[in-house]
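Report on the following structure.
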Amino acid sequence: MPLWPGTAPDMKAMPGLEYAAPRKEHLIAGKPWLEVADVSRPTMTVYAPQGKNTNAAVVVIPGGGFEVLAMDLEGTEICDWLTSRGITCVLLKYRVPGAPYDWHCKCRPDDYEVPTMALEDVQRTMGLVRLHAKAWNIDPHKVGVVGFSAGGFLVAEISTHYGKRLYKPVDAADKESARPDFAMAIYPGHLALENGKLNPNVPVTHDTPPTFIVQAENDDEDGVQQALTYFAALRAADVPTEMHLYAQGGHAFGLRRTNLPITHWTDLADAWMQTIGVLPR
């Protein structure tokens with residue numbers, strides 16, 4: 001379903017028409033991944049839980065450097081995991097390319113700025129999920145987010161930018177809370193400045209939701225410092241946080257199984273969601 005009744009706010013020009021194409025030059029667990037790009041009409045797709053409904057929902061935010069979206073690796077495949085646990089999955093297709101990536105110069109002029117278009121789409125999605133909570137058999141107090149890479153940055157952004165919409169309210173959905181009840185940031189980026197301090201555009205407070213973090217020490221894309229810096233900020237604000245670092249795994253591993261221990265991170269996430277009351281023990 002579309003996020004916006006008309007043109008999305010603060011809409012910027014796209015390089016062309018939306019497209020989807022397999023990326024084969026960088027295989028994940030021996031398989032290509034689906035790239036979606038030039039998204040000017042953001043949508044969310046709702047996947048019903050399998051088996052017993054836990055009444056929880058998770059908004060899934062794929063990565064792709066704000067340039068493209070890894071729509072299966074960090075999207076539909078994540079929904080397969082969540083729905084199998086009795087969780088309603090809401091897969092977000094947000095607007096890309098967009099800041100901090102700038103397709104006009106094929107560059108990132110400021111890796112740390114607020115990704116306005118994408119964050120507006122996340123805020124809107126959170127409101128829409130809560131607006132439809134009764135119809136979709138969702139507990140409006142058990143709505144979380146999970147994001148990967150750039151999507152992990154958006155997890156941190158929505159965890160700290162939920163109090164005020166970045167856009168003029170459209171309808172009743174924008175009167176609902178945009179705050180996640182829990183958050184999972186998987187190999188997040190854009191969080192640590194070069195001096196090791198937290199990106200000031202991620203204003204962590206005690207009200208930031210409980211957070212689960214996973215990253216590999218040999219991540220050569222965003223670097224393990226991203227997770228370390230965010231974890232330190234969350235702990236300093238006394239936010240309940242659980243972090244898992246693995247020696248190997250690189251970047252953009254999703255949940256595709258390999259012989260590396262990191263590919264079993266969802267088992268740890270399941271256990272964490274049990275401890276915070278999202279999943280039954």
Side-chain angles (χ1 to χ4, degrees), residues 44-63 74-92 122-148 151-162 173 176-188 204-215 227 230-231 234-235 237-245 254-255 262-281:
M44 66 179 190
T45 303
V46 182
Y47 295 83
Q50 301 172 19
K52 182 175 175 56
N53 186 359
T54 63
N55 302 117
V58 172
V59 175
V60 175
I61 312 174
E74 297 166 351
T76 54
E77 294 173 16
I78 308 306
C79 286
D80 287 341
W81 158 54
L82 293 168
T83 56
S84 73
R85 301 305 191 266
I87 298 172
T88 297
C89 179
V90 181
L91 177 54
L92 175 60
V122 179
Q123 290 182 328
R124 175 73 175 166
T125 300
M126 296 299 294
L128 285 168
V129 172
R130 288 199 167 100
L131 182 69
H132 292 94
K134 184 175 181 180
W136 296 347
N137 294 313
I138 292 170
D139 182 341
H141 303 294
K142 292 172 67 174
V143 180
V145 290
V146 62
F148 303 78
F153 179 42
L154 283 169
V155 163
E157 287 285 277
I158 192 62
S159 295
T160 56
H161 289 269
Y162 53 79
E176 300 285 344
S177 172
R179 180 185 181 273
D181 295 303
F182 58 99
M184 294 177 276
I186 316 301
Y187 45 88
V204 171
T205 70
H206 180 64
D207 293 324
T208 299
T211 302
F212 177 90
I213 305 170
V214 173
Q215 199 152 24
Y230 193 44
F231 175 81
L234 291 166
R235 292 304 306 130
D238 200 27
V239 175
T241 308
E242 182 170 317
M243 178 171 67
H244 297 276
L245 302 180
L255 50 67
I262 200 168
T263 62
H264 298 280
W265 67 266
T266 51
D267 296 337
L268 299 172
D270 287 342
W272 176 75
M273 285 190 283
Q274 291 176 18
T275 65
I276 64 172
V278 172
L279 294 180
R281 290 181 179 272

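One-based numbering along the sequence shown. In this text the structure is predicted, and so the values were computed from the model without any measurement.
Taken from CG in Asp207 to CG in Asp238, the straight-line distance is 11.0 Å, to the nearest 0.5 Å. One distance of note links OG1 of Thr211 with CD1 of Ile276; it measures 9.0 Å at 0.5 Å rounding. Separating the OH atom in Tyr162 from the CD atom in Gln123 is a distance of 12.0 Å, to the nearest 0.5 Å. One finds the SG atom of Cys89 at 11.5 Å from the CE atom of Met44 (value rounded to the nearest 0.5 Å). Note: Leu82 CG to Thr266 OG1 = 9.5 Å, rounded to the nearest 0.5 Å.
The shortest distance between side-chain heavy atoms of Phe212 and Met273 does not fall below 4.5 Å. Counting heavy atoms from C-beta on, the side chains of Thr54 and Pro280 come closer than 4.5 Å. With contacts defined as side-chain heavy-atom distances shorter than 4.5 Å, the pair Thr88/Thr83 does not qualify. Put simply, the side chain of Val143 does not reach to within 4.5 Å of the side chain of Phe182, judged on heavy atoms. Put simply, the side chain of Pro210 does not reach to within 4.5 Å of the side chain of Thr241, judged on heavy atoms. Looking only at side-chain heavy atoms (C-beta outward), Val59 and Ile61 come within less than 4.5 Å of each other. Contact annotation: the side chain of Gln215 approaches that of Pro188 to within less than 4.5 Å [non-hydrogen atoms, C-beta and beyond]. Residues Asp80 and Tyr47 fail the side-chain proximity criterion, which asks for heavy atoms closer than 4.5 Å.
Tyr230 is linked by a ring-ring contact (aromatic ring centres under 6.0 Å, His included) to nothing, counting only residues two or more places apart in sequence or in another chain. Here Glu242 pairs with nothing under the salt bridge (Lys or Arg N to Asp or Glu O under 4.0 Å) rule; sequence neighbours left out.
Distance alone, capped at 3.5 Å, places no donor-acceptor pair between the Lys142 side chain and the Leu279 backbone. Looking only at distances, a side-chain donor or acceptor of Asn53 sits under 3.5 Å from a matching main-chain atom of Asn137. Looking only at distances, no side-chain donor or acceptor of Glu176 sits under 3.5 Å from a matching main-chain atom of Arg124. Judged by distance alone, with hydrogens and angles left aside, the side-chain atoms of Thr208 form no donor-acceptor pair with the main-chain N or O of Val204 at under 3.5 Å.
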Side chain to side chain contact (heavy atoms under 4.5 Å, CB included) for Val60 and Leu92? Distances and angles first, verdict last.
CA-CA 6 Å; Val60 175; Leu92 175 60; over 6 Å; no
Glu74 vs Tyr187, test: side-chain hydrogen bond (donor to acceptor under 3.5 Å, both in side chains). Steps then yes/no.
CA-CA 11 Å; Glu74 297 166 351; Tyr187 45 88; 2.6 Å; yes
CA sep, side-chain torsions, deciding dist, call: Val146, Ile78, side chain to side chain contact (heavy atoms under 4.5 Å, CB included):
CA-CA 9 Å; Val146 62; Ile78 308 306; 4.2 Å; yes
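Under the side-chain contact (heavy atoms from CB on, under 4.5 Å) rule, Val145 has a single partner from Val58, Ile158, Asp181, which is Ile158.
Heavy-atom minimum distance, Gly152 versus Ala185: O-CB, 4.2 Å. When all heavy atoms of Pro209 and Pro180 are compared, the closest pair comes out as CB-O, 3.2 Å. Across every non-hydrogen atom of Ala56 and Val278, the tightest pair is CB-CG1, 3.7 Å. Of all the heavy atoms in Trp136 and Leu128, the pair that sits closest is CZ3-O, 4.5 Å. Nearest heavy-atom pair across Arg130 and Arg179 is NH2-O, 2.8 Å. The two residues His206 and Val239 come nearest to each other via the heavy atoms O-CG2, 4.0 Å.
The environment of NE2 in His264 is crowded: more than 12 heavy-atom neighbours from other residues, nucleotides or ligands sit within 6.0 Å.
The list of side-chain hydrogen bond (donor to acceptor under 3.5 Å, both in side chains) pairs with a residue in residues 268-281, not counting sequence neighbours, reads Trp81-Asp270, Arg85-Asp270.
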